[in-house]
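Below: one structure, written as C-alpha cells.
Only heavy atoms go into these numbers, but all of them, side chains included; no hydrogens, no water, no symmetry mates. Quick note on labels: first sequence line is chain A, next is B, and so on, each numbered from 1.
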Amino acid sequence: MSALKIHNTLTKQKETFVPINKGEVSLYVCGMTVYDFCHIGHARVMVVFDVVSRYLKYLGYNVKYVRNITDIDDKIIARSVEAKEDFTQLTKRFTDEMHQDEASLNVLPPDLEPLATDSIDNIISMIEKLIANNNAYVGPNNDVYYSVESFENYGQLSGRKLDDMNAGERVDVDNNKRNPFDFVLWKSAKPEEPSWTSPWGQGRPGWHIECSAMATCCLGNHFDIHGGGMDLQFPHHENEIAQSEAATGERYVNTWMHNGFVRIDDEKMSKSLGNFFTVRDVLKKYRGEEIRFFVLSSHYRSPLNYSDEQLNESRSALERLYTALRDVKPIQNNLQSDYIRRFEEAMNDDFNSAKAISVMFECANELNKLKSLNPEQASLIAGDLLKMAGPLGLLNQSPEEFLQSSAGADSVISNDEIDVQINQRLQAKEDKNWALADQIRDALKEQGIILEDKGAETTWRRVNVATLATQPQ
RNA sequence: GGCUGAGUGGCAGAGUGGUUAUGCAGCGGCCUGCAAAGCCGUGUACAGCGGUUCGAUUCCGCUCUCAGCCUCCA
C-alpha cells in the first residue's frame, strides 16, 4: 500500500509522513476565539482536521489531537464590554455553542481542548525564557515584545523576508517596538480589563504565545503536525515557530497543514468582510452531514465556494449513497477490496477526500447492481462503503433516518400522516384507480414527500420542497 | 511593491505525458399502470500564445484573468 503523504506548508511539497515516535501522532490545531458563533469557515477547519485525525486513527496510529480555545483577547474584551457580560461568561457561552455545532457536523471532540486562561503560568515562563535568551524585550509601555530580528529563520513558513514586507500596510507602526514586525507577548492591562499578575505587571498574553505554550505543554517541544486555516500562516504560525524554537532551542513542528478558505462569490468569507454564514444559520436549511459532505467534496487546500446550489448537490449526492445502502445488511468485508485500496490511496495522497468520495460512488454503483442479483456479495460491498465512510465521518445514520428525517427539510407533514396517505394510495392501486393513486402521490410530492413503489410496497423519502421548486423541469 | 496559490465539459470537482474520474443537471433506452429510485448508453472539457516531445489538458516559458497573505481573521 502507498504511504501517507502530506503537503507541508514549510517545504511546499508533499512529504511522506514519518511520525516522531513510531505509531504515534501528535496533532495541534488552532481553534476558535470564542466570542461569537462559528461560521462555515470554522466548520471547514473542524471537519478537515477531524478527518485528518480520524484517518490517522484508521491507519492505526495512536493520535493525540489537541485543539485550543482562545478565551482571552481584545475582541473578547470588546464584546464583553458591549454585551455587559462578564468575559468568562461570554466565552463559556460560545464554547458551548461551538460544541453544539461540532456535534451537528459529526466532528469528534479533540483529545485535549486547553484554554488560554488556564495556561497563564506556562505562557509567563515561556516569555521569561525568551527575555533571558534576548529574543524578547520589555517596551517603554511595559508591554513585552518578541524581537523578530533575533530569530534568524523568521519568515521560513510564510516564505517572506523582513525586508520585503510593507510595514504599516494596514496598521500604524507602533513606536514602542524596535522593529515594526515585532509582536506582543504580554500586553499590559488598562484599568477594568481582565488581567493576570506577571513579572511585567498586570496584563494578558498576546495572541501568538498562547498557542506556543499550549502546544508545547500538551505535546512537547517538538511534535508532528500543526494545522489551521490559511490565514494563520502569517503571522500567527510564523510567530509560533519563532517563539517556540527560540524558547526551547528545538525544532517546533515537522509538518504544517493549512486548509483553504470558504468563499462567497469568489471572495473570502470572513468576519471582517461580514459575508459569512454561521453554522447555525445553515443548519436551519441543511443537515450537518450535508455541510460535512460539502466541505469534503473538494480538496482541503482548495478554495471552497459556498452556495445553496452546492449544498443542494451535497444533499443529492448523500441521497444517492444512502439509497444504495437501503435494503441491504452491511457486513464487514475481511478481504481488502479494490475499493478500499483505492480509497486509501486517495486519502494517502494528502487526504484527497474528493477522490476518496468518488470511489465511494463507484462502490455504490456496484452495490445497486448487486442488491438484487447477489445479496451476499452486496452485503460485503455495503460493508466496504461504510468502511470508507468511517474516517470521513459520513453515512453514520441509517438510510431511513437520513432519507426520512425532517431535519433540514422544510416539509412538516408527520410520518403517521404519510403512512395514512400511503395506505390509501395502496388501496387505490389495488382498485386500479390510477387517477386517485397519482393524485395522492402528487399531493405528497408537493409537501416534499417522494413515494417509491417497490412491488406491493411503497417507501418514501423527504426532500426539500424549495429544492424541488428550483429544479429545472 | 514583495510572496503564495489557482484557471478543467451546463454546474461542482479530481486527475493524468497517449486509455471512462466522480456527483448534479441534460439526452436516449430498460424497468414501472404511470412515476420515483436503480441500471445501461450518451458529452469531441482542460484560459491564451509559444516551446520541448512521435504525442501535452498534463512538462517549460510568456501573456491574460482570479483569489489569498504582507501584524483583525479558520
Side-chain angles (χ1 to χ4, degrees), chain A residues 9 12 29-33 38-46 48-49 73-75 148 155 158-161 163-171 173-174 177 180-184 206-208 227-236 238-239 258-263 266-273 276 293-294 297-299 301-305 307 309-310 312-321 323-324 326 346 349 352-362 364-365 368-369 371-372 429 432 434-435 437-438 441-442 445 450-455 458-461 471-472:
Chain A
T9 310
K12 294 181 179 43
V29 173
C30 287
M32 289 268 301
T33 302
C38 298
H39 63 225
I40 296 297
H42 297 118
R44 189 175 195 190
V45 182
M46 294 196 275
V48 162
F49 288 101
D73 91 321
D74 292 358
K75 287 186 297 274
V148 292
S158 52
R160 61 190 80 207
K161 301 185 181 76
D163 295 344
D164 291 340
M165 293 199 282
N166 264 346
E169 169 86 11
R170 273 197 342 246
V171 173
V173 173
D174 180 345
K177 297 177 181 177
F181 295 102
D182 289 353
F183 53 91
V184 181
W207 174 37
H208 316 295
M230 291 276 285
D231 47 355
L232 297 185
Q233 223 175 102
F234 189 90
H236 186 55
E238 194 70 73
N239 291 352
H258 292 98
N259 66 273
F261 292 122
V262 176
R263 297 185 189 171
D266 284 320
E267 201 177 43
K268 175 182 172 182
M269 176 188 288
S270 76
K271 297 227 169 164
S272 48
L273 291 170
F276 61 91
F293 185 95
F294 163 65
S297 63
S298 77
H299 186 90
R301 284 189 284 116
S302 307
L304 182 62
N305 233 334
S307 69
E309 202 186 352
Q310 289 306 297
N312 288 337
E313 273 205 20
S314 297
R315 167 168 296 179
S316 304
L318 281 169
E319 276 172 0
R320 177 165 165 81
L321 294 176
T323 302
R326 256 192 327 198
D349 185 14
N352 193 336
S353 56
K355 197 174 180 185
I357 285 172
S358 79
V359 178
M360 289 172 66
F361 279 105
E362 289 180 44
N365 176 257
N368 281 329
K369 280 187 270 190
K371 268 197 286 191
S372 52
K429 280 179 63 172
K432 300 222 186 297
W434 306 126
D438 291 353
R441 188 172 60 197
D442 291 345
K445 186 176 176 184
I450 302 291
L451 298 189
E452 296 169 3
D453 293 336
K454 211 174 290 168
T458 297
T459 55
W460 61 274
R461 62 195 164 89
Q471 272 171 0

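- Distances from the side chain of A/K369 to the nucleotides B/C39, B/A74, B/G23 place B/C39 closest.
- For A/K161 and A/D163, the salt-bridge test fails: no basic side-chain N is under 4.0 Å from an acidic carboxylate O.
- A donor-acceptor contact under 3.5 Å links the side chain of A/D438 to the base of B/G33.
- Using a 4.0 Å heavy-atom distance criterion, A/V48 is classed as making no nucleic acid contact.
- A close approach under 4.0 Å does not occur between any side-chain nitrogen or oxygen of A/N352 and OP1 or OP2 of B/A14.
- Phosphate contact (OP1/OP2 of B/G38, side-chain N/O of A/R320, threshold under 4.0 Å): present.
- Side-chain proximity of A/D453 to the nucleotides B/G23, B/G13, B/A35 is greatest for B/A35.
- A distance-only check finds a donor-acceptor pair linking the side chain of A/K371 to the backbone of A/A324 [under 3.5 Å].
- Counting non-hydrogen atoms under 4.0 angstrom, A/S272 reaches a base of the nucleic acid.
- At the heavy-atom level, A/S270 lies under 4.0 Å from base atoms of the strands shown.
- OP1 and OP2 of B/G2 both lie 4.0 Å or more from every side-chain N or O belonging to A/R160.
- For A/Q310, the side-chain contact (heavy atoms from CB on, under 4.5 Å) partners are A/F294, A/S307, not counting sequence neighbours.
- For A/W207, the side-chain atoms get nearest to B/C73 when compared with the rest of B/A37, B/C73, B/G33.
- Distances shown here put every side-chain N or O of A/S358 at or beyond 4.0 Å from the OP1 or OP2 atom of B/G15.
- Considering only the side chain of A/E313, B/C24 comes nearest among B/C24, B/G13, B/G33.
- Counting distance only, with no hydrogens placed and no angle test, the side-chain atoms of A/H299 and the base atoms of B/A14 include no donor-acceptor pair under 3.5 Å.
- Side-chain to base pairing of A/N365 with B/C39: no donor and acceptor N or O lie closer than 3.5 Å to each other.
- Interface remark: the A/R441 side chain does form a donor-acceptor pair with the B/C34 base, using a distance-only criterion of under 3.5 Å.
- No side-chain heavy atom of A/V262 sits under 4.5 Å from any side-chain heavy atom of A/H39.
- Checked against B/C69, B/C73, B/A37, the side chain of A/T323 finds its nearest nucleotide in B/A37.
- The listed nucleotides are B/G15, B/A74, B/A37; the one nearest the side chain of A/K355 is B/G15.
- Looking at which nucleotide of RNA chain B each of A/V45 and A/R301 is closest to, the 5′-most match is held by A/R301.
- The aromatic rings of A/F293 and A/F361 lie perpendicular to each other, with more than 60° between the two planes, well past the 30° mark.
- Of the candidate nucleotides B/A14, B/G38, B/A37, B/A37 has the atom lying nearest to any side-chain atom of A/E452.
- Residue A/L232 has its side chain nearest to B/A74 when only B/G15, B/A74, B/C40 are considered.
- An OP1 or OP2 oxygen of B/A12 is reached within less than 4.0 angstrom by no side-chain nitrogen or oxygen of A/R315.
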For RNA chain B, the dot-bracket pattern of Watson-Crick and G-U pairs whose distances stay under 3.5 Å, | for other-strand partners: (((((((..(((.....[...))).(((((.......)))))....(((((..]....))))))))))))....
